[in-house]
Amino acid sequence: MASRVPEVSSLISEAKSAFLATFGEEANVAVSAPGRVNIIGEHTDYNDGFVFPMALPLVTVLVGRQTKSGLCRVKTLTDHADRPLQVEFKPPSPSTPLKPTTPSWANYIKGVVANFPGVISGFDVVITTSVPLGGGLSSSASLEVATYTFLEAITGIKAKSLKEKALACQKAEHDFANMPCGIMDQFISTMGKQRNALLIDCRSLESTLVPLADPSVTFVITNSNVRHNLSGTEYPVRRQQCFAAADIMGKKSLRDATLQDLERYKTSMKEEVYRRARHVISEIQRTKEAVCLLEKGDYLTFGKLMTDSHHSLKNDYEVSCPELDELVEAALEVPGVFGARMTGGGFGGCIVTLVKQESVDSLISHTLQKYGGKPTFYVCVPSEGSQLLSV
Ligand code: GLA
């Protein structure tokens, strides 16, 4: 059985009760921001390429209120977060800027506070989430974007544009979580739309909604429930290798390179750098093609591109792991499955599978039979980006 996605209303009630119990007052603001699944276009965003994610009904919710206390008091209800689960800090001033410290979960909030354009007099807030932590579904971006949305609500100061909001949240992750991520996760968490995936051009930051409205097919996320430690250290290495490859070819980024360019320069670069670039250049091409195929309803070829993407991530980019490979293999054995691939940064987390609606149950039972670990399944409905909710 696929996991039940908790209702946003129940997350709000849970957070409101905790708020009252913790701070002795009622919360008067509630916001949410979603996690995401990337359908295709992996490790292309920091190469100025294309990505194709959708926002999930799994969300991070913040409830709270503005105060004049000169303190930001934050409590998380997420049991898996590092201790302590409650922190307080002073809003930044020119003489005392905010700095990342422990616990690590609070750095996402501090990072957004530090990058928010308005003055903050203080706030109390409670956080809860249905996005699995560290599962490759962007729990961190959803926390950043929810925090920004909360600050907009309590101060009445809005980002000049949604792009500016996403960029401020990305900067929070770079500076306070030490993760040099691309723009995909913050962008889709801010701009996702119900019933649509979003094709994002990560160079121009222009985006196009692509309807996912056919009831006969669906995307299923399978969480391997494993996370290897490599994810934090290998990401910046991949990024550097891509920049090095572009540099050798005299290109601004790998977005500007073709596979022919790459072949021409093959002998001037390390074999590993060559393979990293081959993944990115081919993945950008696959993503553009895949979106056209989806628009035509050609699921067979679309699914094949998803599976090609997985193999490229596994063999050339080397960011998969045995558990993800096992899950993809199991999925591809099921009649009615069009394609499957790892999704997100890699080294654990989830795969995403395009499957006929009528075959979802067989996909789940076959995976449970074949996969050695304990997977979790989500049947995905493309959902809204960040929102102000009624309390
Ligand atoms: C992580 C990053 C994204 C993106 C993906 C890989 O999720 O946060 O910016 O680079 O990895 O596609």
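What's counted below: heavy atoms across the whole structure, side chains too, no hydrogens, waters or symmetry copies. As the structure lists them, so they are numbered: ligands from 1, and atoms in each ligand from 1. These numbers come from a predicted model, not from an experiment.
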So R36 and M54, do their side chains get closer than 4.5 Å, heavy atoms only?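 No. Closest side-chain heavy atoms not under 4.5 Å.
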Is there side-chain contact between V125 and R65, with at least one heavy-atom pair below 4.5 Å?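 Sidechains of R65 and V125: no contact.
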Report, in ascending order of atom number, the atoms of ligand 1 lying under 4.0 Å from any heavy atom of [X].
| X | result |
| --- | --- |
| G182 | 9 (O) |
| C181 | 2 (C), 8 (O), 9 (O) |
| H43 | 6 (C), 12 (O) |

Which residue supplies the protein heavy atom nearest to [atom], what is that atom called, and how far is it?
| atom | result |
| --- | --- |
| atom 5 (C) of ligand 1 | M184 CE, 3.9 Å |
| atom 8 (O) of ligand 1 | D185 OD2, 2.7 Å |
| atom 10 (O) of ligand 1 | Y235 OH, 2.6 Å |
| atom 3 (C) of ligand 1 | D45 OD2, 3.3 Å |

Test of understanding: given a 4.0 Å heavy-atom threshold, classify the contact between R36 and ligand 1 as side chain, backbone, both, or neither.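 Side chain only; the backbone of R36 stays clear of ligand 1.
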Cation-pi, Y148 ring and K165 (6.0 angstrom, 45 degrees):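 No - K165 does not lie over the ring of Y148 by the 6.0 Å and 45° rule.
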Side chains of K110 and T101: donor-acceptor distance under 3.5 Å anywhere?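 Their side chains do contain a donor-acceptor pair, which is all the 3.5 Å distance test asks for.
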When you compare the side chains of R341 and S309, does any donor N or O come within less than 3.5 Å of an acceptor on the partner?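 A pair is found: one side chain offers a donor N or O, the other an acceptor, under 3.5 Å apart.
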Between A27 and F19, what is the shortest heavy-atom contact and its length?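 Closest approach of A27 to F19, heavy atoms only: N-CD2, 3.5 Å.
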Considering distance alone, does some N or O of Y46 sit under 3.5 Å from an N or O of ligand 1?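 No, Y46 has no N/O under 3.5 Å of an N/O on ligand 1.
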Before giving the answer on side chain to side chain contact (heavy atoms under 4.5 Å, CB included), spell out for F52 and I200 the whole-Å C-alpha distance, their side-chain angles and the decisive distance to 0.1 Å. CA-CA 6 Å; F52 189 50; I200 307 168; over 6 Å; no
